Number of protein chains: 4
Amino acid sequence: MTALPTLPVPTDADPQPPKRERRKDARPSELMEAALSLFVEKGFAATRVEEVAQRAGVSKGTLFLYFPSKVDLFKAVVRENIVGRFDEWNEAFERFEGSTADMVRYCMLQWWERIGATQASGITKLVISEASLFPEIANFYRDEVIEPGSALIRRILQRGVSRGEFRAIDPDLAVHSVVAPMIFIILWKHGMGPCCQLSGVAALDPLAFIHHQADVLIHGLSAQTACAPSATSADSTTLADSHG
Amino acid sequence: MTALPTLPVPTDADPQPPKRERRKDARPSELMEAALSLFVEKGFAATRVEEVAQRAGVSKGTLFLYFPSKVDLFKAVVRENIVGRFDEWNEAFERFEGSTADMVRYCMLQWWERIGATQASGITKLVISEASLFPEIANFYRDEVIEPGSALIRRILQRGVSRGEFRAIDPDLAVHSVVAPMIFIILWKHGMGPCCQLSGVAALDPLAFIHHQADVLIHGLSAQTACAPSATSADSTTLADSHG
Amino acid sequence: MTALPTLPVPTDADPQPPKRERRKDARPSELMEAALSLFVEKGFAATRVEEVAQRAGVSKGTLFLYFPSKVDLFKAVVRENIVGRFDEWNEAFERFEGSTADMVRYCMLQWWERIGATQASGITKLVISEASLFPEIANFYRDEVIEPGSALIRRILQRGVSRGEFRAIDPDLAVHSVVAPMIFIILWKHGMGPCCQLSGVAALDPLAFIHHQADVLIHGLSAQTACAPSATSADSTTLADSHG
Amino acid sequence: MTALPTLPVPTDADPQPPKRERRKDARPSELMEAALSLFVEKGFAATRVEEVAQRAGVSKGTLFLYFPSKVDLFKAVVRENIVGRFDEWNEAFERFEGSTADMVRYCMLQWWERIGATQASGITKLVISEASLFPEIANFYRDEVIEPGSALIRRILQRGVSRGEFRAIDPDLAVHSVVAPMIFIILWKHGMGPCCQLSGVAALDPLAFIHHQADVLIHGLSAQTACAPSATSADSTTLADSHG
DNA sequence: TATGAATGAGCCTTCATTCAT
DNA sequence: CATGAATGAAGGCTCATTCAT
């Protein structure tokens, strides 16, 4: 501790002018990464391109060297983060030999690992939030993500029904039962979560919730249930209607 | 299940449009109504105050007579439309004598009738989408809606567990199982739905889905299930890991 | 001269903040007038909208209240200053009973009074200079100004030929002989003139030149010329060709 | 008229394009050539340096290796292309022994061949269009081209008057009568012509017009005219006034 | 010397907000 | 109170110019 280093200690205010680096290959992904986090955080309109450039460590002009416009940047971010993992998952589905219940749980966990827990989940939040402003994006997302994703889940559920593991539920409705918790997690993660401290009941541990939800779902779809809910269901519907 | 609240429900939208007789008392709410639909549709940033004024049938200047700024208008819209019906619903819960399964279903249907199917559902979409830009609003929403709502649902689920109707699930997690489909419905209704034609698997009939989801949920939570999912759960985790 | 006025002498730096005046009707023409002079002076691209607004005594935003874009402002300026005086002139032509020589001179002088000497002449300079950037404008100008103007002049010249006052010249070529000096005057007036002091031979007195040119033109077209230029013409052509 | 200058005229454009062998000596002129055509076509402001570089087959950076700035490039282009052939033409004038009428026609045709029909004519268009933005250029052009050119034409006309071939016109005014059609041709060629199809009366055949204009001019200036235009002139002025 | 990625000042345009009427 | 013309700060985008390679 006696001999203090006399090397010029870098002060907070960086004295050297920002080096003008030439890194053509790295720029687009750097910019998209910066854009992704800002878009997710603040929405499309409230994100300024200069801020994106700043976060990527380049100037405003550089951004426009790689993306013709802010909208194009947005589209690129969406495209980049939507990797068609459905082929891979479809293949896994074909080879899978265990119970459909296991398959459902496996699917949800995989989704969490590959999508939910990553930055890519921000895209979903983004698309849902800005859908009305970018119908083109929304349609693109529907075609590339929603439809194939739903189709895969539907096939899994259908398998369960066909093999007598699941009750004879409407697969089109059941698909949403699988998707809903995922959307829920994403929105909590990117919407309410970061900005207001959610404690107690409102707090959300994504992985725990996924496991729980898988349990509930599998139980709920299972053919081996003793109770007969149909009568109750009819009653409550009547009740509801009487109030409508 | 017998005694259902038949309180006179105040309809939100005044049926006769008072075009001629324009009381200034009505202005704020007319403006907020116009603002709500635009905010929900286009988000905060993309909504222009002039458009709000136009839709409310007044001039741009008049809007600022009632709301000091666009942000204040936004906050007022959210505050005004966040109606906690939880007192009413808590009361109904206390008086309810039927099965907890019925109560869960009843709850979800009521939510759909009173919130989900109305303009009020837009508020949720709004708050979730804009939460990061308005932490104050997010906190307010958490305190006024999320916390009391979650508490109510938690009490219902707890009742089921206590009375032996439901398995011994973690009520804090199960709450999300009830909320997730509602959030999902809202976001589909206000996000993807209006702007891109969702067909086939992706299409969503809210009421049908609520009924389906109630079935799945009640089955999934029911104590009368024969199968033991714990072992399966362990297996599938292993599977997931081996595949990851 | 003894009692000096003690009224507050307005200093150069206007102390009162620029009054916010409401003059909706006057704005467009004020803006177009300011724009005309600036466009003529500096060209379209080099003229900044802020400068136009400033010269018109309004803010930048106000300009866009009346003209959707800079291009639209430009188009409006052109349209506004292109007054079809051709109907009036055509009518005068029909009623004219004097010699065609008088008619030609009258035409040129009228042009100078009504167009050449006014701001409107700047439009021609503008259109010619920026034609390639605004083909739409150029076509518009051709249809609305060049074609009808040429047609009128052609009719006048044709009258001279028909009545034996003028030689049997090609009217289509002769039209340009009338137009060329006008264009020349305009370009000198708005191009070289204002920015470089032209003295001696290069100086240009528009009215004197018009009178002179009318003389030359009338003499040149006149049927009562003794000399025979055809032979000379042929010779010189041969000469020119031998050099080409 | 007999002895015409048969000097070997240096052709401007190198016929064989040296694509392969790119000497750096050629760069500046290649760049200026590219710049000239673009400046003429689109004006100074609307021409992008990158486009100039591209057309010259080099990169943007290279351009700035030879010209410090866009303005400097512009000035260089103008300076380089302003060729005063007045020494040559003055010499030809001294030696000329034919009629002044022939000399006038010869002059105009020579101008067309050497200037009007070549790229060089674009310079005039350029200078006139951009004069107000570049007063320095305008003054330079006046000194190098306008003044000597006018002086030459003035001497020719003066010769005609002195020898009794022409009437006693004001030579300073008559100079413009010679110049005006040339300016007119240039502006039509580079301004309206390329961007809007001019048909019928508005169409312009430069060479035919030059011949026609030479005829008219020579007739108009000729001393052998019988009619007395002065009285007519006075009348028409009165007419104009009474109509104005 | 030549390149072209990077820069940033400057421009057009929008829109929340103000204020004279 | 109501209006809507006027304002000006702010943001998207361009392009002349610089500089590391």
Side-chain angles (χ1 to χ4, degrees), chain A residues 17-27 45-53 56-73, chain B residues 22-24 27 44-54 57-73, chain C residues 17-27 45-53 56-73, chain D residues 22-24 27 44-54 57-73:
Chain A
K19 282 257 228 102
R20 200 183 227 194
E21 269 179 295
R22 281 170 82 96
R23 308 196 299 122
K24 185 185 172 140
D25 295 346
R27 294 295 187 219
T47 296
R48 275 168 298 130
V49 291
E50 185 157 28
E51 211 175 344
V52 173
V58 299
S59 75
K60 195 170 27 169
T62 302
L63 190 151
F64 287 95
L65 230 51
Y66 296 98
F67 303 95
S69 76
K70 191 186 177 185
V71 169
D72 286 296
L73 172 63
Chain B
R22 291 244 304 261
R23 305 137 306 187
K24 32 187 165 297
R27 286 283 154 73
F44 175 79
T47 296
R48 276 171 298 131
V49 291
E50 184 155 26
E51 211 177 341
V52 173
Q54 210 170 16
V58 298
S59 76
K60 197 167 31 164
T62 303
L63 188 152
F64 285 92
L65 237 45
Y66 293 99
F67 303 95
S69 77
K70 189 186 177 185
V71 169
D72 287 296
L73 170 64
Chain C
K19 282 256 229 103
R20 200 184 228 194
E21 269 180 295
R22 281 169 82 96
R23 310 195 300 120
K24 183 184 173 145
D25 295 346
R27 293 297 188 218
T47 297
R48 277 168 297 131
V49 292
E50 186 156 28
E51 211 176 341
V52 174
V58 298
S59 74
K60 197 170 24 170
T62 302
L63 190 151
F64 287 94
L65 231 51
Y66 296 98
F67 303 96
S69 76
K70 191 186 178 184
V71 169
D72 287 295
L73 172 63
Chain D
R22 291 242 305 260
R23 305 137 306 188
K24 33 185 163 298
R27 285 283 154 75
F44 175 79
T47 296
R48 275 171 298 131
V49 291
E50 184 155 27
E51 210 175 342
V52 173
Q54 210 170 15
V58 298
S59 76
K60 196 165 36 164
T62 304
L63 188 151
F64 284 92
L65 237 45
Y66 294 99
F67 303 95
S69 77
K70 189 186 177 186
V71 169
D72 287 295
L73 171 63

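Just so we're on the same page: letters track the sequence lines, and every chain starts at 1. Every heavy atom of this structure was used, including side-chain atoms; hydrogens, water molecules and symmetry mates were not. Keep in mind it's a predicted model, so treat the numbers as computed, not measured.
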Measure the CG-CZ distance between C/Leu63 and C/Arg27 for me, rounded to the nearest 0.5 Å.
11.0 Å

Whole angstrom is fine here: how far is it from NZ in A/Lys24 over to P in E/dA6?
8 Å

Below 4.0 Å: OP1/OP2 of F/dA5 and any side-chain N or O of C/Thr62:
no

Considering just the side-chain nitrogens and oxygens of C/Arg48, establish if one lies under 4.0 Å of OP1 or OP2 belonging to E/dC11.
yes

E/dA2 OP1/OP2 closer than 4.0 Å to side-chain N/O of D/Arg27
yes

Between D/Leu65 and B/Ser59, the residue closer to the 5' end of DNA chain F by nearest nucleotide is B/Ser59

Counter-base of E/dA16, judged by Watson-Crick or G-U geometry with both distances under 3.5 Å:
F/dT7

Whole-Å distance between E/dT14 C1' and B/Glu51 CD?
14 Å

Give one of base, sugar-phosphate or nothing for A/Val49, where a contact means two heavy atoms less than 4.0 Å apart.
sugar-phosphate

Answer yes or no: does a side-chain N or O of D/Lys60 lie under 4.0 Å from OP1 or OP2 of E/dG4?
no

Closest heavy-atom contact between B/Phe44 and B/Val71?
CZ-CG2, 3.8 Å

Distance check: side-chain N/O of C/Lys70 vs OP1/OP2 of E/dC12, anything under 4.0 Å?
yes

Look up atom NZ in C/Lys60 and atom CZ in C/Phe64, then write down how far apart they are to the nearest 0.5 Å.
8.0 Å

Take atom CG of B/Asp72 and atom P of E/dA16, then tell me their distance rounded to the nearest Å.
14 Å

In the structure shown, which nucleotide is the Watson-Crick or G-U wobble counterpart of F/dT21, with both distances under 3.5 Å?
E/dA2

On DNA chain F, check which nucleotide each of C/Arg23 and D/Phe44 is closest to and give me the residue with the more 5' one.
C/Arg23

Please report the shortest heavy-atom distance between A/Ala45 and B/Ala45, naming the atom on each side.
CB-CB, 3.5 Å

Nearest-Å distance, CZ (A/Phe67) to P (E/dA6)?
12 Å

Here's a test of your reading of the structure: between B/Pro68 and D/Leu63, which maps to the more 5' nucleotide of DNA chain E?
D/Leu63

From the set F/dG12, E/dC12, E/dA2, return the single nucleotide nearest to any side-chain atom of A/Phe64.
F/dG12

Side-chain N,O (D/Tyr66) to OP1/OP2 (E/dA2) below 4.0 Å:
yes

C/Glu50 atom CD is separated from F/dA9 atom P, nearest whole Å, by 10 Å

To the nearest 0.5 Å, what is the distance between OH (B/Tyr66) and CG (B/Asp72)?
16.0 Å

